[in-house]
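One structure below.
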2 protein chains.
Amino acid sequence: MKVLSKGTVYGLRALVYLATQKDRTGYVSIGEISEKLDISFHFLTKTFQTLTQNGILESYRGPNGGIALNKPAEQIFLLDIVKILEGDDFFDKCLLGLPGCGEFEPCPVHDFWKVAKAALKNEFEITSLAEMGAKVTDERLRLSA
Amino acid sequence: MKVLSKGTVYGLRALVYLATQKDRTGYVSIGEISEKLDISFHFLTKTFQTLTQNGILESYRGPNGGIALNKPAEQIFLLDIVKILEGDDFFDKCLLGLPGCGEFEPCPVHDFWKVAKAALKNEFEITSLAEMGAKVTDERLRLSA
DNA sequence: AAGATTTAAGAGTATTTAGTCGCAAAACAA
DNA sequence: TTGTTTTGCGACTAAATACTCTTAAATCTT
């Protein structure tokens, strides 16, 4: 069950990494993140550009440049990131791919899929980068293979 | 949020259509299904071959040939179909794509993803083709755009 | 037996997603 | 002001997914 594209997965992992570095001042270079998480530098760069353009990250060029969260990790939620990287309609898709599937013209699995999507969306809505970062730090979780 | 591949979506829609035709005797031709559901004939054929090879369908060639469910629609569940078309490990994937993510080596969202997956899997497990077919017939639902 | 109908199977094409490369632009350092 | 570091951006390549086409095999009809 592949729910998120590679770009989104990489972006999420990278942002959680940033959240674990909250005590550092200044910017964290993309090169460092790419190395630590074993993600292609150029691919990561593209995802970060999207996140910068959408207000999640702040970037700075030149020596000691890099990226940084544009607001406290407590105020950035999974849903924000996914909406930017996957599109605003991420949680509006029909399981059977039928266009316009909804209350008025449902597909045969609309009822249970609606509930499942709502539950998932809620989790994405309340889970912050800070929470995930703390989990990684406290429980020594990994962010790469 | 694309959860199922096109092949699986087409297969599901086609099987539900078959379930709505339970009063007909004999085989239903792939050509008819392809036309009724507006799905490419050849593409559908490949998916049906997989389903035939895995015991969901029975097929017969020649005039008045076609396919038919290999057992009562009451005994075929969404989960059976998805497992065949998407792979047995469909519900075992990590949201962040980390290999070996599980209780022992979880990712930062493993806990809630595990719960969400289990709930979904349960729905897939208890929803039969008969149930979906009846819904389509009774509530006059559509199976194509 | 010959021709028509229908699934089986594999090769080939197109589109989407994933990943790479090279160079421009910004900022710093000597 | 020249060279170095770092992000920005567009073009390019590769791989996966989706789709099409052709031919073979099975079965029926006449």
Side-chain angles (χ1 to χ4, degrees), chain A residues 1-15 18 26-70 85-87 90 93 96-97 144-145, chain B residues 1-15 18 26-70 85-87 90 93 96-97 144-145:
Chain A
M1 175 158 51
K2 204 188 77 178
V3 170
L4 302 172
S5 72
K6 287 280 182 182
T8 302
V9 164
Y10 292 164
L12 277 177
R13 280 164 50 195
L15 288 173
L18 269 186
Y27 300 94
V28 177
S29 81
I30 300 180
E32 170 187 335
I33 301 174
S34 145
E35 237 176 71
K36 284 270 171 58
L37 301 189
D38 195 31
I39 298 171
S40 145
F41 173 81
H42 284 98
F43 197 83
L44 199 50
T45 292
K46 283 203 305 195
T47 300
F48 279 153
Q49 277 161 24
T50 307
L51 291 170
T52 301
Q53 284 155 6
N54 285 278
I56 300 288
L57 293 174
E58 180 192 355
S59 71
Y60 201 82
R61 301 194 229 199
N64 298 313
I67 57 167
L69 295 177
N70 198 29
L85 296 178
E86 297 277 344
F90 183 69
K93 302 278 181 64
L96 297 183
S144 69
Chain B
M1 173 158 52
K2 204 188 75 176
V3 171
L4 303 172
S5 72
K6 288 277 183 183
T8 302
V9 164
Y10 292 164
L12 278 177
R13 282 165 48 197
L15 288 173
L18 269 187
Y27 300 95
V28 178
S29 80
I30 301 180
E32 171 187 334
I33 301 174
S34 145
E35 236 177 69
K36 285 270 172 57
L37 302 189
D38 194 32
I39 298 172
S40 147
F41 172 81
H42 286 97
F43 198 85
L44 198 50
T45 292
K46 283 203 306 194
T47 300
F48 279 152
Q49 278 161 23
T50 308
L51 291 171
T52 301
Q53 285 155 5
N54 284 277
I56 300 290
L57 293 174
E58 181 192 356
S59 71
Y60 201 81
R61 300 195 229 198
N64 299 312
I67 57 166
L69 295 178
N70 198 30
L85 297 178
E86 297 277 346
F90 184 70
K93 302 276 181 65
L96 297 184
S144 69

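In what follows, chains are A, B, ... by sequence order, proteins preceding strands, each numbered from 1.
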Inset, instruction - Tell me, yes or no, whether the heavy-atom count around A:E35 atom CD, taken from other residues, nucleotides or ligands under 6.0 Å, exceeds 12. - result: no
Inset, instruction - Report the C-alpha distance between B:L51 and B:L85 in whole Å, list the side-chain angles of each, state the deciding distance to 0.1 Å, and finish with yes or no for side chain to side chain contact (heavy atoms under 4.5 Å, CB included). - result: CA-CA 8 Å; B:L51 291 171; B:L85 297 178; 4.1 Å; yes
Legend entry - Minimum heavy-atom distance between B:L69 and B:L15, given as atom pair plus value: CD2-CD2, 3.9 Å
Inset, instruction - Give the minimum heavy-atom separation between A:S34 and A:S40, together with the two atoms involved. - result: OG-C, 4.3 Å
Inset, instruction - Using a cut-off of 6.0 Å, state whether more than 12 heavy atoms not belonging to B:E58 lie near its atom CD. - result: yes
Inset, instruction - Map A:N64 and A:G7 onto DNA chain C by nearest heavy atom, then report which one ends up closer to the 5' terminus. - result: A:G7
Legend entry - Which residue lies more 5' along DNA chain C, comparing A:K6 with A:Y60 via nearest heavy atoms: A:K6
Legend entry - Contacting residues from residues 37-56 of chain A, given that a heavy atom lies under 4.0 angstrom of DNA chain D: A:F41, A:Q49, A:Q53
Inset, instruction - Measure up the B:Y27 and B:Y60 rings against each other and bin them: parallel (under 30°), tilted (30 to 60°), perpendicular (over 60°). - result: parallel
Inset, instruction - In whole angstrom, give the distance that lies between atom CD1 of B:I33 and atom P of C:dT6. - result: 12 Å
Inset, instruction - For A:K93, look at atom NZ and say whether over 12 heavy atoms of other residues, nucleotides or ligands are found less than 6.0 Å away. - result: yes
Inset, instruction - Starting at atom CD1 of B:I30, determine the distance to atom P of C:dA9, rounded to an integer number of angstrom. - result: 11 Å
Inset, instruction - Note the angle between the end axes of the helix from C:dA1-D:dT30 to C:dA30-D:dT1, five pairs defining each, rounded to 10 degrees. - result: 10°
Inset, instruction - May I have the distance from B:L4 (atom CG) to D:dA18 (atom P), rounded to whole angstrom? - result: 10 Å
Inset, instruction - Using the closest heavy atom to pick a nucleotide of DNA chain D for each, name whichever of A:K2 or A:S59 lands nearer the 5' end. - result: A:S59
Inset, instruction - Determine: side-chain N/O of A:Y10 to OP1/OP2 of C:dG19, distance under 4.0 Å, yes or no. - result: yes
Legend entry - Distance-only donor-acceptor test, A:R61 side-chain atoms vs D:dT7 base atoms, 3.5 Å: yes
Inset, instruction - Determine the minimum heavy-atom distance between A:G11 and A:T47, stating which atoms define it. - result: CA-CG2, 3.9 Å
Legend entry - Distance in angstrom units between A:I67 CD1 and C:dA27 C1', rounded: 17 Å
Inset, instruction - Determine whether more than 12 heavy atoms belonging to other residues, nucleotides or ligands lie under 6.0 Å from atom CG of A:N54. - result: yes
